[in-house]
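Data first, discussion second: the structure below is written as structure tokens.
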Amino acid sequence: MADETQAHSTAVDIAHILNEIGDMLEIKGESSFKTRAYRRAADALLNLPADLTEVWRAGRLKDIPGVGDAIAGKIDELMRTGKLAFHERLIAEVPPGLIAMTRIPEVGPRTALTLYQKLGVTGLGDLEAAAREGRVRTVPGLGAKMEQRIILGIETLRRASDRLPIGTVLPVVRELLAMLRATVPDITHIEVAGSLRRRQPTIGDIDILVTAAHPLSVVQAFAALPQAAEIISEGDTKGSIRLRNGMRVDLMVLEPTRYGSLLQHFTGSRQHNIDLRNYALHRGYMINEYGLTPVDREHQATGETILCATEAEVYGTLGLPLIPPEIREASGEIEAAIAGTLPNLVTVDDLRGDLHLHSDWSDGVKTIEQMARAAADLGYKYANLTDHSASLFVANGLTIARVRQQTEIIKQLNAQFQAEGLNFRLLHGCEMEIKLDGSLDYPDEVLAELDVVVASVHVGLRQPREQVTARMVGAMRNPNVDIIAHPSGRLLGQREPADLDFEQVIATAAETGTCLEINGSPDRLDLDPQYVRWGVQAGVMFTIDSDAHHPDAYRLDAELGVAMARRGWAEPRHILNTRPLDELLAYIDEANKRKIKLTNRLSSTEKRIKRNGWRRSGIDALQQGGPPPAPTPALSACDGH
DNA sequence: GCCGTTTTCGGCCCGACTGTTTTCAGTCG
């Protein structure tokens, strides 16, 4: 008999299905409001600031904005059975290849349906053949030009890389901005907008906004950039190019007096803008990219358009504080702005140190001293050396003897720093491998000698959910483990995250005080912001670390790590390494004591089980030895919000 | 399909661009 509370789908799976339903209904010609409702619900699931399984179990699906009776019923069916009859019926009606066809630029749902009905094409391959044979132009409403665009579009689709990690895109864009600024002296503002400004982990295309006295010269300089592999369009105030890596860059040049409205408009997200405009209408304003216009109930203009030179003026005119770009995802930020409860998001300047970095003792490329001095040069007050542990042979993991050698070197270095009057301390930690069976590389007495122990999983990432989760939770309960590094193990665009039960990981972090790392390494960005937000609400303490293997990585990694934390609504109080060193060490000490207490409680439960002749393995006993404790606020720092 | 400081029914964000047209539907951001 199946457990009725067992979830058979994740929020991501369900969002995908709801989006597909939206696509298929649109192709079928359903009302755009209905299709939008499905997509809106999908967005809401992806940005849900809580665990969907918990919301579902609590019977509160309809509390999710955009989820009403019908969609709640469908989510419930997916959670219970992993399938949805409505979805399967739609697939039978609308060939899935039609959805792929709508990915071609200029081909939307209506065109896809027309092509299916008139030519019988059911996918990209069919369509390309039809276009090359000149059959597309025979369809009423489509012409030779459209036929050509379809051929080009399919070619582009094949060539274009998928979304790229933000860490790859950001340096490229900064170079573009610098070149434009250098080439066109009269540029007054230049900034990226879109998903890049919101700091999404991966980026699809790039929007650049410029104000300048002579827009044409900016567009011309833009089209002439050496990075442009193709010029898509070039107008008086707008231009689009494609870079060699396939990425599209759109440029818009505007008057300085309207800069705030344009920046707001092109930063999005789409759903945030929709919600903001809705709110604006209730306040008697119509918003577009040019400004705010007072309107009556029928949306007829009743006054002059208000020009906004800054985004703060856009939000301010509506009586709202400025909402930081990173949280403009239609996940409660407008409500929080209205209520005056927007978070005071963490910034790069709040970081006082870095708790995860490598030297040439394992797989880094610089000496311990070089890594330490570079951290001090950035203004950090402390850094934690975390070379890999013994079992990670590929990274030249340290034997216990080498760990002890490091201890001596670090002692000498700190003495030297003190003698120089440098206000900086190098901590001695390690990146402890959580092995396949959940055990750790070094015995407890060695771990106890280290200042801050970071534990992580590099092997067995493909283990079944229960197994990989149990390894991680087991490590978190070890009093000597202080931080779980890059928890999911994902590599953006290269490796899928481990199938962790984050509900359990986050609850354990909140219960034990073990920190979860927000790893700013560009190919990781792990923890993903959605889990940061859950953690923030559950009272988890986080760290933001670089995982630097070279001093050059510190700055960008810290920036990206902070960006992910901000997307997760994290404030300085949620981030351990915003604290002075003595407070940081005190927190770790307190968490360790708490874990010893917890362990004692659990082992007494285990004894009771033994007494009753009912034996279980260690990890099982930890997980099942008693009712799961309610998540408690993590120590002194997290008062919840 | 969702939702309520305008509503339990009748609304639902806004504008630019473009190709194929004689006034606009479809697509995109």
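Values below: all heavy atoms of this structure, side chains included; hydrogens, waters and symmetry mates excluded. Below, read A as the first sequence line, B as the second, and so on, with proteins coming before strands; counting in each chain starts at 1.
Contact between the side-chain N/O atoms of Ser31(A) and the OP1/OP2 oxygens of dG1(B) is not found at any separation under 4.0 Å. Within the structure, a side-chain polar atom (N or O) of His282(A) is placed less than 4.0 Å from OP1 or OP2 of dT6(B).
Nucleotides dT7(B) and dC2(B), compared at atom C1', are 13 Å apart to the nearest Å.
The 5' end of DNA chain B is approached more closely, in terms of each residue's nearest nucleotide, by Leu142(A) than by the other of Gly108(A) and Leu142(A). In this structure, Phe86(A) and Arg36(A) both approach DNA chain B, and ranking their closest nucleotides by distance from the 5' end singles out Phe86(A).
The side chain of Asn288(A) lies closest to dC14(B) when the candidates are dC14(B), dG1(B), dT20(B). Picking from dG1(B), dT27(B), dG15(B) the nucleotide with the shortest atom distance to the side chain of Thr111(A) gives dT27(B). Nearest nucleotide to the side chain of Tyr290(A), out of dG29(B), dA16(B), dG1(B): dA16(B). With dG29(B), dC2(B), dG26(B) as the choices, the nucleotide that has an atom nearest any side-chain atom of Ala37(A) turns out to be dC2(B). Minimum atom distance to the side chain of Met286(A) is reached by dC14(B), of the listed dC2(B), dA16(B), dC14(B). Here dG29(B) is the nucleotide among dG29(B), dG1(B), dG15(B) with the atom lying nearest to any side-chain atom of Phe266(A).
Under the 30°/60° scheme for interplanar angles, the aromatic rings of Tyr315(A) and His272(A) are found to be tilted.
Side-chain N or O atoms of Thr237(A) include none that pairs as donor or acceptor with a backbone N or O of Pro215(A) at under 3.5 Å. Under the 3.5 Å distance criterion, the side-chain polar atoms of Arg566(A) are left unmatched by any main-chain donor or acceptor of Pro325(A).
Counting any heavy atom pair closer than 4.0 Å across all strands shown, Pro140(A) reaches no nucleic acid atom. Nucleic acid contact class of Ile71(A) (heavy atoms, under 4.0 Å, all strands): sugar-phosphate only. Residue contacts shown for Leu113(A) are absent, as no nucleic acid heavy atom lies under 4.0 Å away. Using a 4.0 Å heavy-atom cutoff across all strands shown, Ala193(A) reaches no nucleic acid atom at all. Residue-level contact check: Asp275(A) touches neither bases nor backbone, having no heavy atom under 4.0 Å from any strand.
The residues Glu30(A) and Lys28(A) are annotated as not salt-bridged, no charged nitrogen and carboxylate oxygen being separated by less than 4.0 angstrom. Between Glu559(A) and Arg199(A) there is a salt bridge, since at least one side-chain N of the basic residue sits less than 4.0 Å from a carboxylate O of the acidic one. The pair Arg132(A)-Glu128(A) meets the salt-bridge criterion, with a side-chain N (NZ, NE, NH1 or NH2) lying under 4.0 Å from an Asp/Glu carboxylate O.
Per the geometry, CD1 belonging to Ile287(A) stands 11 Å off P belonging to dG15(B), to the nearest Å. In this structure, Arg103(A) atom CZ and dG29(B) atom C1' are separated by 19 Å, rounded to whole Å. Put simply, CG on Asn278(A) is 13 Å from C1' on dT6(B), counting in whole angstrom units. Remark: C1' of dT20(B) and CZ of Arg110(A) are 17 Å apart, rounded to the nearest angstrom.
In a base pair of the Watson-Crick type (N1 to N3 plus N6-O4 or O6-N4) or a G-U wobble (N1-O2 and O6-N3), with each distance short of 3.5 Å, dT8(B) is matched with no nucleotide.
Interface remark: the Arg149(A) side chain does not form any donor-acceptor pair with the dG19(B) base, using a distance-only criterion of under 3.5 Å.
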